[in-house]
Amino acid sequence: MAIERYNPRDAEPRWQARWAAENVFTTDNKDPREKYYVLEMFPYPSGRIHMGHVRNYTMGDVVARYKRARGYNVLHPMGWDAFGMPAENAAMKNNIHPKTWTYENIATMRSQLKSMGLSLDWSREFATCDVEYYHRQQQLFVDFLEKGLVYRKNSKVNWDPEDMTVLANEQVIDGRGWRSGALVEQRELTQWFFKITDYAEDLLTALDSLDQWPEKVRLMQRNWIGRSEGLTIRWQIAPGTAPQGFGEIAVYTTRPDTIFGASFMAIAADHPLARQLASANPEIEAFCDECRRAGTSLAALETAEKRGLDTGVRVLHPYDKSWEIPVYIANFVLMDYGTGAIFGCPSGDQRDLDFAHKYDLPVVPVVMPADGDAASFKVTDEAYIGDGVMINSRFLDGMVPAAAFDKVASDLSERSIGNSPQAERRVNYRLRDWGISRQRYWGCPIPVIHCDDCGVVPVPKADLPVILPDDVSFELPGNPLDRHPTWRHVNCPICAKPARRETDTMDTFVDSSWYFARFTAPWEDTPTDPQAANAWLPVNQYIGGIEHAILHLLYSRFFTRAMKATGHVGIEEPFKGLFTQGMVVHETYSRGAGAQREWITPAEVKIEEGDGQRRARMLDTGEELAIGSIEKMSKSKKNVVDPDDIIASFGADTARFFVLSDSPPDRDVIWTESGVEGAHRFVQRIWRLVSEAQPALLHATAKAGEDGEALAVSQIAHKTLKAVQGDFDRLGFNKAVARIYEFTNALAQPLSRVASGQADASLVAACRQAVEILVQLIAPMTPHLAEECWMALGNSGMAALQAWPDYDEALVAEDVIVMPVQINGKKRADLTIERDADQTRIEAAVLDLEQVKSALDGKSPRRIIVVPQRIVNVVI
RNA sequence: GCGGACGUGGCGAAACUGGUAGACGCAAGGGACUUAAAAUCCCUCGGGCAUAGCUCAUACGGGUUCGACCCCCGUCGUCCGCACCA
């Protein structure tokens, strides 16, 4: 009988249509079953989906389908992170409206995602650029404003003078705008900020509770928040050395114990004292300007020389009024950390040491190793930063640094200058407040109005949404909202006099900081339905790229807290489980070299293998190409494989199965043509095995046999079921794939016997049950194939709706097991024995083995180690 | 510089809590079927000696243990994150 090859082009759209028609994946909030929320990071609608999306959404879909089978009420939604610069860039370049561009891209990508057969609840879909969505975001903003979680302040920003816009630090490359190439300026602008620092401590300590997050991500967030404990010390200025009005300088230090090693003080170029001095002294002014310019380029910091300028100002040592210390302006001191001023202890800090050498300042060692000799210990080229014992520090001598820290802290805290203590213990964070103002069109308008009389007035909720105008032009650089003829002119909501709208829009990271909450009730006219949000959140399993380890995931954690403070949710942590998946990478192909190098896309390349050689040739001309390194798929290297092409030639199931195979999901997976073909072979093989045996399986009536081959088939089926279940629980998709391959290999023989009529009724019955289990195991990964097989087996209903089978413990645990027998730690024999055999019985059986007898040669063993059900080791 | 992760066949990788190292897939080689090809099926596949079995082998050098890819110490290498944070 001729078996037709499985045809995904026919089967896949058919099942997708049926799932949609029967609303199989639409989620009901009122469903009483236990809830499970699985979410993948939503895509930016850049134009087309790429293989990274395929991998990300396939993993999430496996979890969703698996959890659904396990009886959960699963929420698995999809949306679009749709505001952002690329739409405006496209508008400027191609004269297409950002809105048109974005929604067209969404339409394309939506149909691409649908062709993957993802079990998504499309009824909850939204884009962040939908008025419906950003309306609610404006409501949130107003609530945050009322709660004091939003404020305005002057802030230094990277300003691109050509494009007339603010750039993020990442968009400044070597001091120039990434688009315009213009030299970036530092500008002071009034910007809106979210008070994320209010939650710094909480965001830090709560990381400990996120035990289903990768340790790596938690560590990155810990470092980003950057907590330090120290002391702010006020140093008095030596009379007559500083301009009027400056009597002291406050310094933040984490090492007050090293105070007797101080040999200079350094302040930032933007420190008030530095500014004051600069205004009266051109030399100082020039130096400060230079420091500011250098600060523009992040990359330059790596190599920038530590430089300083002696201001002539002197401060008095807190413990010795006769000890004067010079004050420098230095290019490495940051105004926005601590107090913008430091004291330098060259012996205990490499940077301070370099500075001291350069400007010939004293180097006094104050900490030495515990076993050191105070008389001879010197710091010359390398600062000593380790623990140890205090020296050259008067009354601190002999203490450990931690004790010296406490002594100085309590000492100076009790003294006062004027009415306040000379020093205070302080906790500092590296984390800055989140600046969200963007001088852009394609973003959520910040809903406030500037009135000359009433100041900054939030737009009343009844007047929301503030809708982006459609009639804007992109012919000129800058923010189109600024030059719109009418949009910005409104009346003040308080005094009704003419006023101006805020024309800045919000950072797009705001949009993605709460979308997961919106999915729980996207129909509400408030940002959330707190009841629904609390029922679904936190997201049980969030899946996305490691590149969002800090920004998006930290902002979302802050936002959830802010939403709790304003009554929109009752929880603090948005994501209970987080999984960061690896990238899809591909070999690169090219011809030519250097500047002439031309990259060739894999679709035009064929690979030849043999005799240990691997060659790449042009498909059409046969020209040999250079095979380059394996890299992330990117347009510039052209090593991109289009998911549409793969789905068209192999089907979605093959693509899905391939991205789950081979590599652990948190590591990069290498896309190879032969690997895809392997996955496709598997899909065809399953179909062939099922359809060849189908006529016989359809008529299986007997009970599965409890011995011989039928038992073996049942055992492997249930063992695989148990193992794959565990793999899915731990997101070990590559292991699940391997086990399913093994299972399939084991079924091939019995099934071919079934197909050719050589199997007895009990084997046929066992095979039928095993095949059904196989189909259910593959259903989360290759759902269309599973439906097709499920139907072929004569079952009614859809595979997608079947409950996960329970494995039979009796079939998983065998009565008789094979234990490896080692002699002196090396495997020498196998022992077949009852599973529950006791120590004595095993020892006796082992000593009876030929290999053991000959090794012992009549002697008795020194020891026999028996690990029940695992291994035996005979020590001779 | 600071912090972290990783290192296993030709390749991607398995190996539970310290218990048979290399499952599974890819590639390769050989064979069957076929006029032929595709598809499919069977065999081999870490190194060495030898083909039964022995021996070496999880980056390298030590250690702990009856037993180490796994734990400890040291060395080398790769990747990632942060980076003037006082």
Side-chain angles (χ1 to χ4, degrees), chain A residues 3 5 214-217 219-220 222-224 226-228 230 251-255 258 265-266 294-295 298 301-302 304-306 330-334 336-345 348-352 354-355 385 428-432 546-547 549-550 607 609-614 630 658 661-664 666-670 672-679 681-682 684-685 688 723 726 732 734-745 748 752 818-830 851 861-867 869-876:
Chain A
I3 298 296
R5 278 172 70 81
E215 184 51 38
K216 181 186 170 75
V217 174
L219 194 78
M220 282 166 72
R222 240 173 243 131
N223 292 340
W224 186 264
R227 182 183 199 274
S228 73
V251 159
Y252 174 72
T253 178
T254 55
R255 294 296 303 274
T258 65
M265 181 177 285
L298 288 172
L301 292 177
E302 289 177 36
E305 197 186 354
K306 311 301 175 238
N331 63 351
F332 60 85
V333 180
L334 306 171
D336 60 358
Y337 186 82
T339 60
I342 62 161
F343 81 76
C345 172
D349 182 297
Q350 191 59 43
R351 193 189 47 205
D352 292 349
D354 295 343
F355 193 84
I385 52 174
N428 238 305
Y429 301 93
R430 215 188 69 110
L431 183 69
R432 295 280 95 88
I546 186 80
E547 67 272 19
I550 296 172
I607 300 292
E609 278 179 276
D611 314 325
Q613 296 276 319
R614 236 177 134 256
I630 297 170
F658 177 71
S661 310
D662 290 353
S663 288
D666 53 346
R667 264 190 245 175
D668 292 350
V669 64
I670 304 172
T672 60
E673 188 68 14
S674 51
V676 176
E677 282 162 9
R681 265 200 298 277
F682 171 81
Q684 293 295 348
R685 187 172 189 217
R688 194 166 1 94
N734 58 321
K735 293 182 209 171
V737 165
R739 287 191 224 275
I740 289 171
Y741 268 115
E742 264 181 292
F743 182 26
T744 309
N745 291 344
S752 81
V818 177
M819 289 177 87
V821 176
Q822 296 181 327
I823 294 170
N824 288 337
K826 300 214 159 136
K827 194 204 161 192
R828 286 290 181 263
D830 283 317
Q851 295 93 329
R862 296 224 313 255
R863 227 174 126 185
I864 300 180
I865 289 138
V866 176
V867 185
Q869 293 172 50
R870 272 272 167 76
I871 201 163
V872 181
N873 190 11
V874 181
V875 186
I876 296 173

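Atom set for the values below is all heavy atoms of this structure, side chains included, hydrogens, waters and symmetry mates excluded. Not measured: the values here are computed from a predicted model. Here is the naming used below: chain letters follow the sequence lines, and residue numbers restart at 1 for every chain.
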OP1 or OP2 of [N] sitting under 4.0 Å from any side-chain N/O of [X]?
| X | N | value |
| --- | --- | --- |
| A:R681 | B:rC26 | yes |
| A:R351 | B:rC85 | yes |
| A:N873 | B:rU65 | no |
| A:R614 | B:rC26 | no |
| A:R255 | B:rA86 | no |
| A:Y337 | B:rA86 | yes |

TODO: Select from A:I670 and A:K826 the residue whose nearest nucleotide in RNA chain B is closer to the 5' end of that strand.
DONE: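 Taking each residue's closest nucleotide, the earlier one in sequence belongs to A:I670.
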By nearest nucleotide on RNA chain B, pick out whichever of A:D668 and A:E677 is the more 5' one.
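Comparing both residues, the 5'-ward one is A:D668.
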Will you find, in the side chains of A:R862 and A:N824, an N or O donor that is under 3.5 Å from an N or O acceptor?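 No - no donor-acceptor pair under 3.5 Å links their side chains.
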### Message
Can a side-chain donor-acceptor contact be found between A:S228 and A:Y252 if the only test is distance below 3.5 angstrom?
### Response
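Per modelled atom types, A:Y252 and A:S228 side chains form a pair under 3.5 Å.
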Does [N] have a Watson-Crick or wobble mate here (both distances under 3.5 Å), and if so which one?
| N | result |
| --- | --- |
| B:rC85 | none |
| B:rU20 | none |
| B:rA28 | B:rU44 |
| B:rG3 | B:rC80 |
| B:rA36 | none |
| B:rC71 | B:rG63 |
| B:rC49 | B:rG53 |
| B:rG9 | none |

For a quick test of reading the model, state the closest non-hydrogen atom pair linking [X] to [Y] and the distance between them.
| X | Y | result |
| --- | --- | --- |
| A:G678 | A:Y741 | O-OH, 3.8 Å |
| A:P820 | A:I871 | O-CG1, 3.5 Å |
| A:Q869 | A:M819 | N-CE, 3.8 Å |
| A:S663 | A:D668 | OG-O, 3.2 Å |
| A:F343 | A:R255 | CZ-O, 3.8 Å |
| A:V874 | A:P861 | CG1-CB, 3.7 Å |

Touch check for [X], heavy atoms < 4.0 angstrom, all strands: base, sugar-phosphate only, or nothing?
| X | value |
| --- | --- |
| A:R432 | nothing |
| A:Y252 | base |
| A:D349 | nothing |
| A:S661 | nothing |
| A:G338 | nothing |
| A:D352 | nothing |
| A:V867 | base |
| A:R667 | sugar-phosphate |
| A:V872 | nothing |
| A:E742 | sugar-phosphate |

Counting only side-chain heavy atoms from C-beta out, which of [options] sits nearest to [X]?
| X | options | value |
| --- | --- | --- |
| A:P820 | B:rC16, B:rU20, B:rC82 | B:rU20 |
| A:P664 | B:rA39, B:rA86, B:rA13 | B:rA13 |
| A:K216 | B:rC16, B:rC80, B:rC84 | B:rC80 |
| A:L334 | B:rG4, B:rU40, B:rA86 | B:rA86 |
| A:A738 | B:rA13, B:rC24, B:rG12 | B:rC24 |
| A:S228 | B:rA86, B:rG19, B:rG12 | B:rA86 |
| A:D662 | B:rG12, B:rA27, B:rA39 | B:rG12 |

[X] [atom1] to [N] [atom2]: how many Å, rounded?
| X | N | atom1 | atom2 | answer |
| --- | --- | --- | --- | --- |
| A:F743 | B:rA23 | CZ | C1' | 17 Å |
| A:F332 | B:rG1 | CZ | C1' | 15 Å |
| A:I550 | B:rG81 | CD1 | C1' | 7 Å |
| A:R227 | B:rG3 | CZ | P | 19 Å |
| A:N223 | B:rC85 | CG | P | 13 Å |
| A:I385 | B:rA86 | CD1 | P | 12 Å |
| A:R430 | B:rC85 | CZ | P | 10 Å |
| A:R685 | B:rC26 | CZ | P | 10 Å |

Measuring only the [atom1] atom in each nucleotide, how far is [N] from [M]? A whole number of Å is fine.
| N | M | atom1 | value |
| --- | --- | --- | --- |
| B:rU8 | B:rC79 | P | 14 Å |
| B:rG10 | B:rC6 | P | 23 Å |
| B:rG81 | B:rC72 | C1' | 27 Å |
| B:rA68 | B:rU75 | P | 24 Å |
| B:rG47 | B:rC11 | P | 12 Å |
| B:rU34 | B:rG25 | C1' | 28 Å |
| B:rA38 | B:rC33 | P | 15 Å |
| B:rU78 | B:rC56 | C1' | 26 Å |

I want to verify the glycosidic state of B:rG9; is it syn or anti under the 90° rule?
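Syn, angle within 90° of zero.
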Any sub-3.5 Å donor-acceptor pair from A:R432's side-chain atoms to A:D336's backbone N or O?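 The answer is yes, because a donor-acceptor pair under 3.5 Å joins these two groups.
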- Task: Please test A:V251 against A:M265 for side chain to side chain contact (heavy atoms under 4.5 Å, CB included), starting from the C-alpha separation and ending with a verdict.
- Result: CA-CA 9 Å; A:V251 159; A:M265 181 177 285; 3.6 Å; yes
Checklist entry - With a 3.5 Å cut-off and just heavy-atom distances, do the side chain of A:K735 and the base of B:rC24 make a donor-acceptor pair? => result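 Answer no: no donor N or O sits under 3.5 Å from an acceptor.
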